[in-house]
Engineer: 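Could you have a look at this structure, given as structure tokens, before my questions?
All ligand and atom numbering here is 1-based and tracks the order in the structure. The basis for the numbers below is simple: all heavy atoms, side chains too, and nothing from hydrogens, waters or symmetry mates.
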Amino acid sequence: MRNLVDGKATVVTGGAQGIGEATALRFAEEGADVVVADVDEEGGHGTVDAIEDAGGSAVFVETDVSEAAEVQTMITRCVEEFGGIDVLFNNAGIDGPLENIVEYDEDGFDRVIDVNLKGVWLGLKYGIEAMLADGGGSIISTSSIGGQVAVPEYSGYGASKAGVSLITKSAALEFATEGIRANAIAPGLVETPMVNDIMEENPEMEEQFRNMEPMGGLAQPKEIANSVLFLGSDLASRVTGHTLAVEGGYLSQ
Ligand code: NAI
């Protein structure tokens, strides 16, 4: 059987660990050529090595997604290395401060918006520009269930993730006739370094986290990666503007 994303030039931001790492590996397994982009050089090279060890093709491009020039370079490197760009996974993100709005630090708010929202906007801006010159493509951005329901002390994060779903719709409408699809995923709780760090710092939250989703427990990064793979592949050829929740039933309550 043909692989799902054979030969598709794919950029994954936040590819050094967690959901991004799992998605980069999964796309490579299904035949994609992958640009792993991240601020974490060591982790990024680790993902590239794992892809190459499994017989796949990948390069690392050090990128801070909140910097326009670095996002442009990331996209250009993909076109140079792999002859175009077919899929972009705008996934890099940070959780930011964990405080109520009164206590929330203003610089922390700016940073979470810069990385999670502006970073996605920059990816759409330069990714779509390159895709238009290359016959179209599919962009998937990482939102969160925290962008659909308010989580106390996560105002900056929640606003950034709600924004991701909205600009995803903007991009979908603006380029619907030009071969560009734009979708988002909204994970619930995924067992990644981001969530493990929160549980380590606040041990009392672990039990609450593990009981949060109706299906129980935490999702594994690969379960998110498989949903991204669907949206990035031609199986989702008529799906655009959508935010796909991958949250074990949480939003059905
Ligand atoms: P993680 O913290 O394990 O990995 C995030 C990666 O993004 C890291 O490799 C980090 O170096 C990179 N990164 C951070 N800032 C960056 C920047 N400015 N430019 C480039 N790379 C940068 O996080 P995880 O859990 O894998 O999260 C990935 C995405 O999924 C994030 O957008 C997060 O908000 C979102 N998400 C995660 C959930 C979870 O339960 N883990 C739930 C819902 C959404």
Engineer: Nearest protein heavy-atom contact for atom 31 (C) of ligand 1: which residue, which atom, what distance?
Structural biologist: Asn91 O, 3.3 Å
Engineer: Quick one: does Val190 get an N or O within less than 3.5 Å of an N or O on ligand 1?
Structural biologist: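 Indeed, backbone or side chain, Val190 has an N or O that close.
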Engineer: How far is atom 19 (N) of ligand 1 from its nearest protein heavy atom, and which residue and atom is that?
Structural biologist: Val65 N, 3.0 Å
Engineer: Using a strict 4.0 Å threshold on nitrogen-to-oxygen distance, state whether Asp33 and Arg77 make a salt bridge.
Structural biologist: no
Engineer: Which of the numbered atoms in ligand 1 are under 4.0 angstrom from any heavy atom belonging to Asp64?
Structural biologist: 17 (C), 18 (N), 19 (N)
Engineer: Considering only protein heavy atoms, which is closest to atom 36 (N) of ligand 1, and at what distance to one decimal place?
Structural biologist: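 The closest heavy atom on the protein side is Tyr157 OH, 3.5 Å.
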Engineer: Using a 4.0 Å heavy-atom threshold (strictly under), name the region of Asp95 that reaches ligand 1: side chain, backbone, both or neither.
Structural biologist: neither
Engineer: Nearest protein heavy-atom contact for atom 16 (C) of ligand 1: which residue, which atom, what distance?
Structural biologist: Val39 CG2, 3.9 Å
Engineer: May I ask you to identify the nearest protein heavy atom to atom 41 (N) of ligand 1, giving residue, atom name and distance to one decimal place in Å?
Structural biologist: Thr192 OG1, 3.2 Å
Engineer: Got a second to check how far Asp114's CG is from Leu122's CG, nearest 0.5 Å?
Structural biologist: 9.0 Å
Engineer: Roughly how far apart are Leu88 CG and Ile128 CD1, rounded to 0.5 Å?
Structural biologist: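 Nearest 0.5 Å value for the CG-CD1 distance: 9.0 Å.
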Engineer: What part of Glu21, side chain, backbone, both or neither, has a heavy atom within less than 4.0 angstrom of ligand 1?
Structural biologist: neither
Engineer: Determine whether more than 12 heavy atoms belonging to other residues, nucleotides or ligands lie under 6.0 Å from atom CD of Gln253.
Structural biologist: yes
Engineer: Regarding atom 14 (C) of ligand 1: of the candidates Gly14, Gly93, Ala37, which has the closest heavy atom?
Structural biologist: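 Among Gly14, Gly93, Ala37, the closest heavy atom to atom 14 (C) of ligand 1 comes from Gly93.
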Engineer: Which atoms of ligand 1 sit under 4.0 Å from any heavy atom of Leu189?
Structural biologist: 40 (O)
Engineer: Kindly confirm or rule out an N or O of Gln17 lying under 3.5 angstrom from an N or O of ligand 1.
Structural biologist: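 Right, the criterion is met.
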Engineer: Would you compute the distance between atom CD1 of Ile224 and atom CZ of Phe89 and round it to the nearest 0.5 angstrom?
Structural biologist: 8.5 Å
Engineer: Should you measure from each heavy atom of Ala92, which atoms of ligand 1 turn up under 4.0 Å away?
Structural biologist: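 With Ala92 as reference, the close atoms of ligand 1 come out as 7 (O), 20 (C), 21 (N), 22 (C), 32 (O).
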Engineer: Does one side chain, of Ser237 or Arg181, offer a donor that lies under 3.5 Å from an acceptor on the other?
Structural biologist: no
Engineer: Does any N or O in the side chain of Asn183 come within less than 3.5 Å of the main-chain N or O of Val239, such that one atom is a donor and the other an acceptor?
Structural biologist: yes
Engineer: How close do Ile85 and Met131 get, heavy atom to heavy atom, and via which atoms?
Structural biologist: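 Minimum heavy-atom separation between Ile85 and Met131: O-CG, 3.6 Å.
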Engineer: Under the rule for side chain to side chain contact (heavy atoms under 4.5 Å, CB included), what residues qualify as partners of Pro193, not counting sequence neighbours?
Structural biologist: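 Scan of Pro193 (side chain to side chain contact (heavy atoms under 4.5 Å, CB included), adjacent residues dropped) gives Gln17.
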Engineer: Does atom CD (Glu204) have a neighbourhood of more than 12 heavy atoms from anything else shown, all under 6.0 Å?
Structural biologist: yes
Engineer: Out of all atoms in ligand 1, which are within 4.0 Å of some heavy atom of Arg111? Include the element for each.
Structural biologist: 18 (N)
Engineer: Starting from atom 23 (O) of ligand 1, what is the nearest protein heavy atom, named by residue and atom, and what distance separates them?
Structural biologist: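 Result for atom 23 (O) of ligand 1: Met194 CB, 3.5 Å.
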Engineer: Find all atoms of ligand 1 within a distance of less than 4.0 Å from any non-hydrogen atom belonging to Val115, and give their numbers and elements.
Structural biologist: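 Contacts of ligand 1 toward Val115, numbered from 1: 15 (N), 18 (N).
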Engineer: Which ligand 1 atoms, with their elements, are less than 4.0 angstrom from a heavy-atom of Pro193?
Structural biologist: 3 (O)
Engineer: In terms of the angle between their ring planes, are His45 and Phe60 parallel, tilted or perpendicular, with boundaries placed at 30° and 60°?
Structural biologist: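 Rings of His45 and Phe60: tilted, 30 to 60°.
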Engineer: Take every heavy atom of Gly188, measure it against each atom of ligand 1, and state whether any distance is under 4.0 Å.
Structural biologist: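 Contact present.
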Engineer: Hey, does Pro187 come in under 3.5 Å of ligand 1, counting only N/O atoms on both sides?
Structural biologist: no
Engineer: What's the verdict on salt bridge (charged side-chain N to carboxylate O under 4.0 Å, His left out) for Lys8 and Asp234, showing C-alpha distance, side-chain angles and the deciding distance?
Structural biologist: CA-CA 11 Å; Lys8 286 197 191 283; Asp234 295 339; 3.4 Å; yes
Engineer: Assess the residue pair Arg210 and Glu191 against the criterion (salt bridge (charged side-chain N to carboxylate O under 4.0 Å, His left out)); give the C-alpha distance rounded to whole Å, side-chain angles, the decisive distance to 0.1 Å, and a yes or no.
Structural biologist: CA-CA 10 Å; Arg210 293 197 182 279; Glu191 197 155 6; 3.8 Å; yes
Engineer: Minimum heavy-atom separation for Tyr250 to Ile145, with atom names?
Structural biologist: CD2-CD1, 3.5 Å
Engineer: At what distance is the nearest protein heavy atom to atom 20 (C) of ligand 1, and which residue and atom is it?
Structural biologist: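 In this structure, atom 20 (C) of ligand 1 has Thr63 O, 3.1 Å as its nearest protein heavy atom.
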Engineer: Check whether any N or O atom of Ser143, backbone or side chain, sits under 3.5 Å from an N or O atom of ligand 1, and answer yes or no.
Structural biologist: no
Engineer: Quick check: closest heavy atoms across Val36 and Ala16, and the distance to 0.1 Å?
Structural biologist: CG1-N, 4.3 Å
Engineer: Need the ligand 1 atom indices (1-based, order shown) with element for anything under 4.0 Å from a heavy-atom of Val195.
Structural biologist: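 What qualifies from ligand 1 is 39 (C), 40 (O), 41 (N).
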Engineer: Is the closest N or O pair between Thr142 and ligand 1 shorter than 3.5 Å?
Structural biologist: no
Engineer: Should you measure from each heavy atom of Ile19, which atoms of ligand 1 turn up under 4.0 Å away?
Structural biologist: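 Those of ligand 1 that fall under 4.0 Å from Ile19 are 26 (O), 30 (O), 37 (C).
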Engineer: Any nitrogen or oxygen of Asp38, main chain or side chain, under 3.5 Å from a nitrogen or oxygen of ligand 1?
Structural biologist: yes
